[in-house]
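These numbers were taken from a predicted model, which means no experiment stands behind them. Every chain is numbered from 1 and lettered A, B, ... according to where its sequence line falls, protein lines coming before strand lines.
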Number of protein chains: 2
Amino acid sequence: MVPRGRPRDTQVDERVLRIAAALLLERGYTGLSIDEVAEQAGVAKTTLYRRWPAKDHLAVAVVARLQADDEITDTGDIRADLVNYLEKIAAGLNRMRAAGHREGPSAGTVGELVAAAARHEDIGRLTRKQYAERNTLALALIEAARVRGELRADLDAEPLFDQLAGALYYRVMITGAPVDRAYVERLVSSALERNLTCP
Amino acid sequence: MVPRGRPRDTQVDERVLRIAAALLLERGYTGLSIDEVAEQAGVAKTTLYRRWPAKDHLAVAVVARLQADDEITDTGDIRADLVNYLEKIAAGLNRMRAAGHREGPSAGTVGELVAAAARHEDIGRLTRKQYAERNTLALALIEAARVRGELRADLDAEPLFDQLAGALYYRVMITGAPVDRAYVERLVSSALERNLTCP
DNA sequence: CCATTTACGAAACTGGAGTTGCGCAATTCA
DNA sequence: TGAATTGCGCAACTCCAGTTTCGTAAATGG
């Protein structure tokens, strides 16, 4: 069925998301101003609010788009695959800067996004679903490694991935400690090497 | 040295913190309104702002007070000690409810607190210091267990505690999965039992 | 062509955090 | 006692995210 009234300007979505992403990454969550996005995109605020009912929705849409290319791959080497995937998550976390702290931690923006998901039930459902999918894929990766004998037969996969992903978020948001490649490898070693089957 | 002018009403701090804690736990971060706290405490807003320069500072002070009695103890049984301590952390995380979601996750408030710490450099310094202390104590606990032979000699303690604490925060904030006693025990088992020295 | 439907833009409005100015109260020091 | 200092309450103010209203534009269907 063909939609009735005046069609939406399809260029607006793309342009707004691009501008919003730039603002979010450069200046953090509070630096993402609806007025400024509207002005830079050359549209009225109402046009933005028709597409995203609140600033929170726009911000989440921006982040979802940035995360879209975080792929998980199974090469048969569980250690390398985990390091690779956790690196992508870490890179995503490190990309966001807090407003006025270009060198600083991305903690603020990540925290704001968590808060946004809690403020709006629809965002919460959406993001939880996305993270559930990610979780399912990661658990399948671990499970496959367990089945083919790379990991202990009685391994409990769920808390294992919670620990890996959680350690990254914990450092970024809570302790402010760096999350670089060296740490990711150390983390995977700590969590995994002693889970490997013994020769 | 004796302070000069009119002394502060010491009852105000106590009363405000109690009221603010009730509001924060019941209605979440956004439900914590400065105007409402001032009204319920029977003081003017300026009196609050003289003590806490922003709502963020007040909220952080409330949480710090709630966490003050999270003690870490070393009984010589590393597994029990970790379960015990992580239970306290989990209880603190579970106490906070998001505004309008009494049954819901505490994710929102925790996220707001993270964001608050990022917004103000002074809060960030303070909370990072507090978490660094907590981290030091936990690492000492693990280290002691390692030295006395409960844990593997070549254990890397830092990522281990990141994993344990991180898994709790990750579930509360990101996936929304429950964090109850059963999970904490499962988590410690997953992270620790295979770190124990072999007989 | 004309009624209907939906999109758009401009501007005014709302609500809450945070700020400021001012008069008064309480305390110290000379 | 009196000047200086600091706390308090009241009220008006700024600022900005978000909302609402209304007039206009672009499309469809009869």
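Between B:Leu58 atom CG and C:dA17 atom C1' there is a gap of 13 Å when expressed in whole angstrom units. One can place CH2 of B:Trp52 at 14 Å from C1' of D:dG7, the figure rounded to the nearest angstrom. Note: CD (A:Glu36) to C1' (D:dC15) measures 15 Å, nearest angstrom. Atom CG of A:Leu48 and atom P of D:dT19 are 12 Å apart (whole Å). Atom P of nucleotide D:dC10 and atom CD1 of B:Ile34 are separated by 17 Å, given to the nearest angstrom. Taking atom CZ on A:Arg51 and atom P on C:dA7, their separation rounds to 8 Å, with Å as the unit. When the P atom of D:dG18 is taken as reference, atom NE2 of A:His57 falls 10 Å away, rounded to whole Å. Atom CZ in A:Arg50 sits roughly 17 Å away from atom P in C:dT5 (whole-Å rounding).
Taking every side-chain heavy atom of B:Lys55 into account, C:dG18 is the closest of C:dA7, C:dG18, D:dG9. Which of C:dG18, C:dA17, C:dG9 sits closest to the side chain of B:Ser33 comes down to C:dA17. Listed nucleotides D:dG18, D:dG9, C:dA7 differ in distance to A:Arg8; the shortest reach to its side chain belongs to C:dA7. When distances run from any side-chain atom of B:Arg4 to the nucleotides C:dA10, D:dT5, C:dG18, the shortest one goes to D:dT5. Distances from the side chain of A:Tyr49 to the nucleotides D:dG18, C:dG21, C:dA17 place D:dG18 closest.
Using cut-offs of 30° and 60° on the angle between ring planes, the pair A:Tyr170 and B:Tyr169 is tilted.
In summary, B:Lys129 and B:Glu133 do not engage in a salt bridge, as defined by a charged side-chain N under 4.0 Å from a carboxylate O. A salt bridge links B:Asp154 and B:Arg152; the closest N-O separation between the charged side-chain nitrogens and carboxylate oxygens is under 4.0 Å. Under a 4.0 Å N-O distance rule, the pair B:Arg148/B:Asp74 qualifies as a salt bridge.
No donor-acceptor pair closer than 3.5 Å links the side chain of B:Glu87 to the backbone N or O of B:Val83.
Regarding contacts with the backbone of C:dT28, every side-chain N or O of B:Arg6 stays at 4.0 angstrom or more from both OP1 and OP2. Neither OP1 nor OP2 of D:dC10 sits under 4.0 Å from any side-chain N or O of B:Thr46.
Residue contacts for B:Leu32: at a heavy-atom cut-off of 4.0 Å it reaches the sugar-phosphate backbone alone, with no base atom in range. Counting any heavy atom pair closer than 4.0 Å across all strands shown, B:Thr47 reaches sugar-phosphate atoms only and no base atom.
In terms of position along DNA chain C, the nucleotide closest to A:Lys45 lies nearer the 5' end than the nucleotide closest to the other residue of the pair B:Asp35 and A:Lys45. In terms of position on DNA chain C, the residue among B:Pro3 and A:Pro3 whose nearest nucleotide sits closer to the 5' end is A:Pro3. Nearer the 5' end of DNA chain D, as judged by each residue's closest nucleotide, is the contact made by A:Pro53, out of A:Pro53 and A:Pro7.
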